[in-house]
*Asks:* 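My questions will all concern the structure given below.
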Amino acid sequence: MTLSFASPPDPSLPLHVIAQPDLDDWLAGQPDTVANWLRTVGFIGAMGQVALIPGPDGTPEFAVAGYGKASGRTRKRFPLAAAAEALPEGTYHIASGVPDDTLETECLGWLLTGYAFDRYAKQSPAKARLIAPEGADAARIEVMAQSEALTRDLVNTPTADMGPDQLQAAAETLAQEFGAKFDVIRGDDLLDQNFPMIHAVGRAATQEPRLIEMNWGSAGPRLTLVGKGVCFDTGGLNLKPGNSMALMKKDMGGSANVLGLARMIMALKLPLQLRVLVPAVENSVAGNAFRPGDILTSRKGLTVEINNTDAEGRLVLADALALADEGAPDLVISMATLTGAARVAVGPDLAPFYTDDDAAADALARAGKQAADPVWRMPFHEPYEAMIEPGIADLDNAPSGGFAGSITAALFLRRFAGDNRYMHFDIYSWQPSKAPGRSKGGLGQGPRALLTALPEILGL
């Protein structure tokens with residue numbers, strides 16, 4: 001599967017994109033044969049509605065696609081992708097109708113209609129191909145689409161084929177593709193090199209726990225990405241009920257998003273020094289599993305009382321963040337499918353993020369709108385710090401009471417990130433039902449917004 005534009009020499013059919021409010025004016029400028037045809041077939045410019053206009057010999061002369069409402073609160077993401085999914089197989093070029101400020105985003109949505117997770121069964125993605133329009137950065141759009149496909153593939157693959165071993169292999173393949181340095185610390189070597197919480201969470205699994213590291217670039221600001229790589233989460237001894245375990249193959253979605261973002265950064269040759277850290281584990285049940293009531297000593301030296309073994313993601317991230325801090329980065333970003341509380345707060349579509357940096361937060365919010373990758377700022381609310389301090393240890397991994405679960409998890413992680421500029425994303429990384437440009441299943445949330453915002457945030 002290659003998510004790319006059609007070659008310009010290919011014969012292509014003109015495509016006119018028409019918003020509902022503009023339909024009458026557009027029809028008024030067309031020959032009666034065209035206007036009458038579109039009225040006859042019931043074309044109203046609704047999002048996803050398409051029609052082919054026949055020429056004198058009966059073959060299509062051009063196509064039209066509904067853009068829905070061009071603006072307003074009800075406008076949905078990737079409206080052109082909805083048309084791409086409805087068009088018959090063929091090659092098209094945009095003749096009119098897509099605003100300049102959304103052209104690249106709409107082209108990205110079109111390319112993403114070609115994605116299908118077909119590892120286990122044949123799928124039928126959209127077959128309409130698009131020639132890159134003039135003025136669009138085709139190479140950048142293709143990189144974003146292909147990186148999103150990497151993220152989706154990793155999340156969609158079940159744990160039998162995407163455990164810590166396979167996640168390590170995927171990261172190593174990515175490193176080799178772009179000439180990045182690759183290292184891994186696994187098994188009891190984690191204890192020898194002082195990553196005790198990564199080891200504790202993953203030691204009960206058949207595949208050894210590990211810390212995956214990738215480094216790329218030799219000049220520019222130092223950016224460290226930390227992605228949660230819990231390849232399956234049973235909940236540990238605090239076992240999840242069956243319905244809560246059904247999607248836990250996606251609990252490595254943070255690492256999948258980080259690897260997708262890393263791919264974009266390397267493919268586009270951003271002038272920075274990139275470090276990627278992925279603690280990869282499976283939270284399993286066995287006689288040597290860590291227990292409720294245990295107190296773990298982290299890499300940073302802070303002690304953590306385990307009040308719920310199902311709050312394991314923050315533990316593995318904590319050791320990785322402590323290592324990130326030791327490298328004196330200019331910016332640290334962690335991404336994780338961390339809490340159900342975040343889903344309750346903002347639902348599946350938004351990627352909530354935390355930062356103390358107001359300028360970076362503003363840049364990211366603008367970038368999310370520009371890249372059709374919506375994000376929402378959440379607060380590091382310091383009065384809640386007391387909720388993560390149990391008294392018997394420095395920190396509590398699962399405060400009682402059930403309030404502010406995403407915020408307390410973010411506050412927990414901030415304790416390990418040091419004094420660096422820090423952003424934390426508590427994402428869902430899953431599309432519950434099919435939508436334009438987004439197949440049901442694994443999903444990137446936040447990487448495109450970050451890619452767009454990083455030049456401003458890091459002064460590139």
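Values below: all heavy atoms of this structure, side chains included; hydrogens, waters and symmetry mates excluded. Here, residue 1 is the first one in the sequence, and each next residue gets the next number.
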*Asks:* Centre of Phe380's six-membered ring, under 6.0 Å away, within 45 degrees of the axis: is that where NZ or CZ of Arg414 sits?
*Replies:*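 Yes.
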
*Asks:* Quick check against the 3.5 Å criterion: does Asp189 have a side-chain atom that pairs as donor or acceptor with the backbone of Ile185?
*Replies:*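 Side chain of Asp189 to backbone of Ile185: no pair is present.
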
*Asks:* CD of Glu282 to CG of Asp251: how many Å apart, nearest 0.5 Å?
*Replies:*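 It is 11.0 Å, given to the nearest 0.5 Å.
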
*Asks:* For Asp101, look at atom CG and say whether over 12 heavy atoms of other residues, nucleotides or ligands are found less than 6.0 Å away.
*Replies:*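 Yes, the 6.0 Å shell around CG holds more than 12 heavy atoms from other groups.
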
*Asks:* Quick check: closest heavy atoms across Asn283 and Gly236, and the distance to 0.1 Å?
*Replies:*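 In terms of heavy atoms, the two residues are closest at ND2-N, 3.4 Å.
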
*Asks:* Restricting to ring-ring contact (aromatic ring centres under 6.0 Å, His included), what partner residues turn up for Phe412, sequence neighbours left out?
*Replies:*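 ring-ring contact (aromatic ring centres under 6.0 Å, His included) list for Phe412, sorted by chain: Phe416.
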
*Asks:* Should Met214 and Arg275 count as side-chain neighbours, where that means a heavy-atom distance under 4.5 Å?
*Replies:*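 The answer is no; the side chains never approach within 4.5 Å.
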
*Asks:* About how many Å separate CG of Leu317 and CG of Leu413, when rounded to the nearest 0.5 Å?
*Replies:*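 These two atoms lie 5.5 Å from each other.
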
*Asks:* Salt-bridge test for Lys240 and Asp233: reply yes if a basic N is under 4.0 Å from a carboxylate O, no otherwise.
*Replies:*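 Looking at Lys240 and Asp233, the cut-off is met.
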
*Asks:* Would you give the length of the straight line joining atom CD of Gln168 to atom OG1 of Thr173, rounded to the nearest 0.5 angstrom?
*Replies:*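 Gln168 atom CD to Thr173 atom OG1 measures 10.0 Å (nearest 0.5 Å).
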
*Asks:* Could you walk me through whether Arg119 and Asp153 pass the salt bridge (Lys or Arg N to Asp or Glu O under 4.0 Å) test, one step at a time?
*Replies:* CA-CA 9 Å; Arg119 179 168 179 171; Asp153 281 348; over 6 Å; no

*Asks:* Verify whether one side chain among Ser400 and Asn307 offers a donor that lies under 3.5 Å from an acceptor in the other.
*Replies:*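 The answer is no; no qualifying pair exists.
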
*Asks:* Hey, does the side chain of Arg222 reach the backbone of Leu274 with a donor-acceptor pair shorter than 3.5 angstrom?
*Replies:*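 No: the side chain of Arg222 does not pair with the backbone of Leu274.
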
*Asks:* Hey, what do you get for CD1 (Ile198) to CG (Asp319), rounding to the nearest 0.5 Å?
*Replies:*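 One finds 5.0 Å between CD1 of Ile198 and CG of Asp319.
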
*Asks:* Ignoring hydrogens and angles, state whether a donor on the side chain of Asp310 or Asn238 is under 3.5 Å from an acceptor on the partner side chain.
*Replies:*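 The criterion, which ignores hydrogens and geometry beyond distance, is not satisfied for Asn238 and Asp310.
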
*Asks:* Would you say Asp373's side chain and Ala449's backbone share a donor-acceptor pair under 3.5 angstrom?
*Replies:*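 Yes: the side chain of Asp373 pairs with the backbone of Ala449.
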
*Asks:* Could you tell me whether a side-chain N or O of Thr337 sits under 3.5 Å from a main-chain N or O of Gly254, the two making a donor and an acceptor?
*Replies:*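 The answer is no, because no donor-acceptor pair under 3.5 Å joins these two groups.
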
*Asks:* Salt bridge or not between Glu326 and Arg299? Use side-chain N to carboxylate O under 4.0 Å.
*Replies:*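 Yes, Glu326 and Arg299 are salt-bridged.
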
*Asks:* Mind jotting down which residue pairs meet the salt bridge (charged side-chain N to carboxylate O under 4.0 Å, His left out) criterion with at least one end in residues 449-460? Sequence neighbours excluded, please.
*Replies:*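 Every pair satisfying salt bridge (charged side-chain N to carboxylate O under 4.0 Å, His left out) with a residue in residues 449-460: Arg366-Glu456.
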
*Asks:* Counting neighbours of NZ on Lys369 that are heavy atoms of other residues, nucleotides or ligands and sit closer than 6.0 Å, is the number greater than 12?
*Replies:*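 Atom NZ in Lys369 is not packed in, count stays at 12 or less.
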
*Asks:* Do NZ/NE/NH1/NH2 and the carboxylate oxygens of Arg129 and Glu89 come within less than 4.0 Å?
*Replies:*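 Between Glu89 and Arg129 there is no salt bridge, as every charged N stays at least 4.0 Å from the carboxylate O atoms.
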
*Asks:* Quick one: does Val316's side chain get under 4.5 Å of Phe195's, heavy atoms only?
*Replies:*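 Contact flag for Val316/Phe195 side chains = no.
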
*Asks:* Using atom types as modelled and distance alone, determine if a side-chain donor or acceptor of Gln445 lies under 3.5 Å from a backbone N or O of Tyr428.
*Replies:*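 Such a contact is found between Gln445 side chain and Tyr428 backbone.
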
*Asks:* If you measure from the Lys or Arg side-chain nitrogens to the Asp or Glu carboxylate oxygens, is any gap between Lys127 and Glu85 under 4.0 Å?
*Replies:*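 Salt bridge absent between Lys127 and Glu85.
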
*Asks:* Got a salt bridge between Glu106 and Arg77, using NZ or NE/NH1/NH2 to carboxylate O under 4.0 Å?
*Replies:*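 Here Glu106 does not pair with Arg77 in a salt bridge, since their nearest N and O are not under 4.0 Å apart.
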
*Asks:* Look at Arg438 together with Glu148 and state whether they make a salt bridge at an N to O cut-off of under 4.0 Å.
*Replies:*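 Salt bridge flag = no for Glu148 with Arg438.
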
*Asks:* With a 4.5 Å cut-off on side-chain heavy atoms, are Ile407 and Pro379 touching?
*Replies:*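 Contact flag for Pro379/Ile407 side chains = yes.
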
*Asks:* Using a 3.5 Å distance criterion without hydrogens, assess whether the side chain of Asn420 forms a donor-acceptor pair with backbone atoms of Asp330.
*Replies:*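 Not a single qualifying donor-acceptor pair exists.
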
*Asks:* Tell me whether Glu104 contacts the main-chain N or O of Ala371 through its side chain, where contact means a donor paired with an acceptor under 3.5 Å.
*Replies:*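 No, Glu104 side chain to Ala371 backbone: no donor-acceptor pair under 3.5 Å.
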
*Asks:* Is the CG atom of Asp192 crowded by more than 12 outside heavy atoms at less than 6.0 Å?
*Replies:*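 Yes - once you tally the heavy atoms of other residues, nucleotides and ligands closer than 6.0 Å, there are more than 12.
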
*Asks:* Looking at Glu208 and Arg203, does any basic side-chain N land under 4.0 Å from a carboxylate oxygen?
*Replies:*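 Looking at Glu208 and Arg203, the cut-off is not met.
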
*Asks:* Between Glu142 (side chain only) and Phe5 (backbone N and O only), is there a donor and an acceptor less than 3.5 Å apart?
*Replies:*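 The answer is yes, because a donor-acceptor pair under 3.5 Å joins these two groups.
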
*Asks:* Which pair of heavy atoms, one from Gly313 and one from Val230, lies closest together, and at what distance?
*Replies:*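 The answer is CA-CG2, 4.5 Å.
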
*Asks:* Are the charged groups of Lys300 and Asp325 less than 4.0 angstrom apart, N to O?
*Replies:*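 Counted as a salt bridge, because a side-chain N and a carboxylate O are separated by less than 4.0 Å.
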
*Asks:* Out of curiosity, Lys250 NZ to Asn156 CG, how far, rounded to the nearest 0.5 Å?
*Replies:*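 Nearest 0.5 Å value for the NZ-CG distance: 11.5 Å.
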
*Asks:* Between Glu213 and Lys181, is a salt bridge (Lys or Arg N to Asp or Glu O under 4.0 Å) present by the stated rule, with each step listed?
*Replies:* CA-CA 8 Å; Glu213 179 170 357; Lys181 181 181 176 183; over 6 Å; no

*Asks:* Quick one: do Asp358 and Arg377 make a salt bridge, cutoff under 4.0 Å?
*Replies:*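 Yes.
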
*Asks:* What distance do Leu130 atom CG and Trp110 atom CH2 have between them, rounded to the nearest 0.5 Å?
*Replies:*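 Those atoms lie 5.0 Å apart.
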
